[in-house]
Structures are given as structure tokens and as C-alpha cells.
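As the structure lists them, so they are numbered: ligands from 1, and atoms in each ligand from 1.
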Amino acid sequence: MSESDSWYIERFELSGSAIGFRVNRKLHEEQSTFQKIEIYETTDWGNLMALDGCIMLTGRDNFLYHEMMSHPVLFTHSNPKRVVVIGGGDCGTLREVLRHREVESAVQVEIDERVTRVSEQFFPELCESNDDPRAQLLFDDGIAYMRNAAAESIDVVIVDSTDPVGPAEGLFNESFYQSCLRALRPGGILVQQSESPLAQVSLIRQMRQLMRQVGFSAVRTLPFPQPAYPTGWWSCTMARKGADLSGFRERGAHSKPFPTRYYSADIHRAALVLPEFVREALGD
Ligand code: SAM
């Protein structure tokens with residue numbers, strides 16, 4: 001690393017590790033009502049968004065996360081018509097959800113409108129589906145939204161939030177999971193970003209325990225690579241109401257009518273197999 005280079009470094013106190021991206025310049029910075037929003041132009045990874053110093057996405061590797069937060073759950077549900085995304089302000093997950101023709105309504109509930117406005121400016125490719133007539137962008141607290149949602153009104157809830165601190169902390173507790181269970185139709189599925197299996201397997205275990213405790217009948221954790229996040233290895237956890245999570249619509253996934261760069265039916269099937277240390281830690 002030459003002295004003249006400048007780098008954006010994120011330190012992960014929890015895992016005693018860090019990650020850095022070489023940057024050309026800072027493109028934007030503001031303090032919203034909820035968090036500090038920074039955008040950098042990197043030399044090799046496209047633009048980078050950080051919220052309160054935590055890297056949210058880079059232009060180069062966000063497809064891994066957005067595809068794995070949307071396609072496994074939507075190909076697991078038998079007919080996902082009404083989808084709610086909690087968080088997801090960069091709009092990358094919403095874009096993937098809307099690739100599914102079965103989806104009739106996709107509501108995104110992001111607490112901080114500034115994240116979406118900044119993403120529209122610096123990640124326009126992630127916001128290309130925001131004008132889809134099926135999409136509705138709400139700027140509100142996802143906790144309150146799910147608490148007030150009509151019973152048995154939603155097929156899939158995707159929680160694409162920041163880490164369980166600050167405004168996102170209440171998205172990882174029993175009462176939020178109770179709200180989700182009530183709002184989901186029978187067979188409905190909650191999927192939530194569940195952090196790093198390498199550094200936070202105890203959090204994943206706690207999330208799964210709470211999901212089962214409130215009455216979800218099945219839980220499943222799917223790891224996937226995500227270089228820009230702590231340890232470079234991330235996960236999503238699904239919880240289903242009144243049905244199991246043993247399979248998915250393989251034919252539909254194989255013959256999907258839209259392009260992906262990471263997700264496939266084979267990747268989906270592989271992601272259902274946990275590494276031994278994770279399987280043991282989760283009692284899977
Ligand atoms: N992929 C990222 C990750 O795994 O950390 C998340 C991306 S997205 C930018 C995270 C969003 O969650 C942020 O825009 C943040 O404002 C939003 N958020 C946090 N707490 C929320 C809440 N209670 N309701 C709605 N959105 C929330």
C-alpha cells in the first residue's frame with residue numbers, strides 16, 4: 001500500500017478484524033435524522049455506501065447480498081404475491097423482488113428517506129425498479145409498520161436492516177417476530193439478514209430461538225459470501241408460518257425468466273447445507 005493511497009477502513013470491534021477499500025475521493029456526506037451517510041468512489045469496487053461508519057454496499061459486490069436476500073425466500077414461497085421489505089433503503093433488494101412476476105405488491109418500509117435519495121443519486125442501477133407500479137416506498141419505522149399491519153395480509157417479509165443497534169435493534173426481538181407472525185398469511189415466510197456465521201453465530205441462534213418461541217414452525221439459515229461485510233461471510237435466516245422449509249420451487253428457480261449473477265437453483269440448494277461448525281452451533 002503506497003503512502004499516497006487513501007483507504008476507507010471499517011473496523012469490526014466484535015471480531016477484531018477490519019476491511020478496507022482504496023478510494024479516489026469522498027462523493028457525499030451528510031448527517032440524516034437517523035445516521036451519518038457517506039459515499040465514496042473506490043478505485044476498484046465502484047461506489048461505496050457507509051452508514052454510521054458501517055459499510056452497507058459497494059457497487060461491485062452488492063449483488064451477492066441482494067440476490068440472496070430475495071430469491072431463496074421467493075422461490076421457497078409457493079406463490080408470493082404481497083411482499084414487504086423492512087429497511088432496504090438502497091433499493092437493491094426491492095429491485096430483485098420485482099423481478100418475480102408473481103409479486104403483485106412490494107412495499108418497502110425504510111425509516112430514513114435520505115438513504116433512498118442518496119442511493120438514487122449514487123447507485124441509480126439499484127433504484128431502476130422504484131417506479132414499477134407494483135412498488136410502494138414508505139418512509140417509516142418498520143417496527144411500527146409490522147405492529148399495525150393487518151393480520152394474515154402478507155406473504156413474505158424481508159428484513160434488510162442495519163445491524164441490531166440503534167433503530168434496527170427492535171427488528172431482532174420477540175415482539176417484532178410476533179408482529180410478523182400475525183401479519184403473515186399461513187405458509188408465509190419471514191427472512192432476515194442474520195449477520196456473520198463466523199463472528200455472530202450466537203446472534204443467529206438467538207434469532208432462531210425467538211422465531212420459534214413466538215410460533216414460527218420452521219427456521220433455516222443460509223450462508224453466503226459478502227466481501228464488504230464483517231468477516232466476508234454473511235447469512236439470511238428464514239422462518240415460516242405453519243409449514244416447513246425443507247424444499248423450494250426448484251423448477252421455477254431453474255427456469256427463472258430473469259438474470260442473476262450469483263443465485264441459481266444449485267446455489268440455493270447448496271446454501272441449505274450448513275458447514276459443520278455452524279450446524280452444530282445452531283443445533284440444526
Ligand atoms: N445490507 C445492509 C446490511 O446488511 O447491513 C443493509 C442495507 S439497508 C441500507 C439498511 C437500512 O435499514 C438502512 O437504510 C436503515 O435506515 C434501515 N433501518 C434500520 N432500522 C430500521 C427500522 N426500524 N425500520 C426501517 N428501516 C430501518
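For the side chain to side chain contact (heavy atoms under 4.5 Å, CB included) test with Thr116, the passing option among Asp90, Leu94, Leu137, Leu126 is Leu137; the others fail.
For Leu48, the side chain to side chain contact (heavy atoms under 4.5 Å, CB included) partners are Tyr8, Phe21, Tyr40, Thr42, Ala50, Ile55, Thr58, not counting sequence neighbours. Residues forming a ring pair (Phe, Tyr, Trp, His ring centres under 6.0 Å) with His100 (at least two apart in sequence, or on another chain): His71, Phe75, Phe258.
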Would Tyr65 and Tyr229 count as a ring pair (Phe, Tyr, Trp, His ring centres under 6.0 Å) here? Give the steps. CA-CA 10 Å; Tyr65 175 87; Tyr229 290 172; 5.5 Å; yes
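Between Phe172 and Tyr177, the ring centre distance reaches or exceeds 6.0 Å.
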Please table the atom pairs, donor to acceptor, closer than 3.5 Å between any side-chain atom in residues 262-278 and protein atoms at least two apart or in another chain.
from   : atom 1 : to     : atom 2 : distance (Å)
Tyr263 : OH     : His268 : ND1    : 2.6
Ser264 : OG     : Asp266 : N      : 3.3
Ser264 : OG     : Ile267 : N      : 3.0
Asp266 : OD1    : Arg269 : NH1    : 3.1
Arg269 : NE     : Glu250 : OE1    : 3.3
Arg269 : NH2    : Glu250 : OE1    : 2.6
Glu276 : OE1    : Arg279 : NH2    : 2.7
Glu276 : OE2    : Arg279 : NE     : 2.9

Which protein N or O atoms sit under 3.5 Å from any N or O of ligand 1? Give atom names and distances.
from     : atom 1 : to     : atom 2 : distance (Å)
ligand 1 : 1 (N)  : Tyr65  : OH     : 3.3
ligand 1 : 1 (N)  : Asp160 : OD1    : 3.4
ligand 1 : 1 (N)  : Tyr229 : OH     : 2.5
ligand 1 : 4 (O)  : Tyr65  : OH     : 3.3
ligand 1 : 14 (O) : Glu110 : OE1    : 2.7
ligand 1 : 14 (O) : Glu110 : OE2    : 3.2
ligand 1 : 16 (O) : Gln35  : NE2    : 3.0
ligand 1 : 16 (O) : Glu110 : OE2    : 2.6
ligand 1 : 20 (N) : Ala168 : N      : 3.4
ligand 1 : 23 (N) : Asp141 : OD1    : 3.0
ligand 1 : 23 (N) : Pro167 : O      : 2.9
ligand 1 : 24 (N) : Gly142 : N      : 2.8
ligand 1 : 26 (N) : Ile111 : N      : 3.2

